[in-house]
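To start, the structure under review is shown below, and the notes come after it.
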Amino acid sequence: MSVIVVTGIPGVGKTTVMKKAAEGMNIQFVTFGTVMIEIAKEIGVAKDRDEMRKLTLDQQKELQIKTAEKVANMGDVILDTHCTVKTPQGYMPGLPEWVIKKLQPKTIVIVEADPEEIYNRRKNDPTRNRDPDTVEQINEHQMINRAAAMAYAALSGATVKIVFNHDNALDVAVQQVAPVLK
Ligand code: AMP
Ligand code: MG
């Protein structure tokens, strides 16, 4: 084990898949966004995690760098984060060169589902302030994330594993992740 990065667009269920896959294993599970919102609160720039992608790009980059430095010192972890973050100014890379080189992940997992499935999951999640993307926009975001993941692979030597988390098929997704955690 070393650093395993897990990505997937909001609402795809990446946290659920990875928590289940890592059940009973002695692996530390870290959510990049959780470390980042703690730092954001300390600095006083955001109060909740869904506000962060609306901050200025400079503010987000500063938080991203501080978060990456903190995570890089945590040793072996499963890191729950995003290939790209959808900001009002466009897709922001979640693992740009200055982040991926600090983390040097062994594998980048992308959790995907059908755009229609993700659309419906977002609609039914009252706990988060999800963006009202169309099915087409959800599809675009997933395509962009595949491209981003391979760029991060080229920078780090990480492998990229795509895992499907279709409706009522959590166990299938968990099985696909198993070889990555060995
Ligand atoms: P999450 O809890 O995974 O939905 O993440 C919450 C928020 O954290 C995201 O909407 C982003 O604003 C931020 N975030 C998470 N990972 C990254 C990253 N690698 N780079 C920049 N921002 C991130
Ligand atoms: Mg999550």
Side-chain angles (χ1 to χ4, degrees), residues 3-22 28-74 77-105 107-113 118-119 121-133 137-138 140-142 144-153 155-156 158 160 163 165 177:
V3 174
I4 306 290
V5 168
V6 186
T7 69
I9 68 171
V12 76
K14 67 179 186 301
T15 315
T16 310
V17 171
M18 291 313 291
K19 286 242 155 105
K20 182 107 202 256
Q28 203 190 345
F29 197 93
V30 177
T31 301
F32 198 97
T34 302
V35 178
M36 193 161 149
I37 184 64
E38 278 162 14
I39 296 171
K41 282 179 182 163
E42 270 167 37
I43 304 175
V45 291
K47 292 182 298 295
D48 87 70
R49 63 181 64 225
D50 289 312
E51 271 177 30
M52 290 196 292
R53 59 181 180 272
K54 314 264 159 67
L55 295 174
T56 68
L57 289 179
D58 285 344
Q59 283 175 316
Q60 290 184 65
K61 185 174 168 187
E62 186 191 342
L63 289 171
Q64 184 184 48
I65 291 169
K66 289 194 164 125
T67 305
E69 280 163 358
K70 202 162 175 182
V71 173
N73 287 321
M74 291 179 180
V77 293
I78 295 176
L79 179 62
D80 179 331
T81 187
H82 297 275
C83 277
T84 62
V85 175
K86 216 170 165 177
T87 78
Q89 294 94 333
Y91 294 109
M92 178 192 182
L95 302 161
E97 192 248 9
W98 53 88
V99 171
I100 198 85
K101 291 212 166 136
K102 282 198 178 86
L103 300 175
Q104 289 294 337
T107 300
I108 300 168
V109 176
I110 309 178
V111 182
E112 292 189 356
I118 296 171
Y119 182 88
R121 291 174 197 172
R122 285 184 184 178
K123 215 169 55 187
N124 297 325
D125 179 4
T127 66
R128 293 289 298 267
N129 185 10
R130 307 283 198 201
D131 288 320
D133 283 345
Q137 287 166 330
I138 290 171
E140 177 186 279
H141 196 181
Q142 290 202 124
I144 289 282
N145 282 352
R146 285 190 179 188
M150 283 319 298
Y152 306 147
L155 287 169
S156 62
V160 174
V163 165
N165 181 33
V177 174

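In each ligand, atom 1 is the first atom listed, and ligand 1 is the first ligand listed. All values below come from the heavy atoms of this structure, side chains included, with hydrogens, waters and symmetry mates left out.
Remark: the backbone N or O of L55 is paired with a side-chain donor or acceptor of Q60 at under 3.5 angstrom. Checking side-chain atoms of R122 against main-chain N and O of P132 turns up no donor-acceptor pair under 3.5 Å. With hydrogens and angles disregarded, no donor-acceptor distance shorter than 3.5 Å links the side chain of T107 to the backbone of V109. Within the 3.5 Å criterion, the main-chain N or O of A40 finds no donor-acceptor partner in the side chain of Q59.
Looking at K61, M36, M52 and measuring to atom 8 (O) of ligand 1, the nearest heavy atom belongs to M52. Counting heavy atoms only, R49 comes closest to atom 2 (O) of ligand 1 of the residues H82, E51, R49.
Of all atoms in ligand 1, listed by their number and element, those nearer than 4.0 Å to a heavy atom of K14 are 3 (O). Atoms of ligand 1 lying under 4.0 Å from any heavy atom of G94, numbered from 1 in the order shown and given with element: 18 (C), 19 (N), 20 (N).
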### Message
Run D133 and K86 through side-chain contact (heavy atoms from CB on, under 4.5 Å) and show every step you take.
### Response
CA-CA 10 Å; D133 283 345; K86 216 170 165 177; 3.2 Å; yes

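Contacts between K86 and ligand 1, counted as non-hydrogen atom pairs separated by less than 4.0 Å, are absent for every part of the residue. The proximity of R53 to ligand 1, defined as any non-hydrogen pair under 4.0 Å, involves the side chain as well as the backbone.
Under a 4.0 Å heavy-atom criterion, T81 is in contact with ligand 1.
At a threshold of 4.5 Å between non-hydrogen side-chain atoms, the residues M74 and K70 count as touching.
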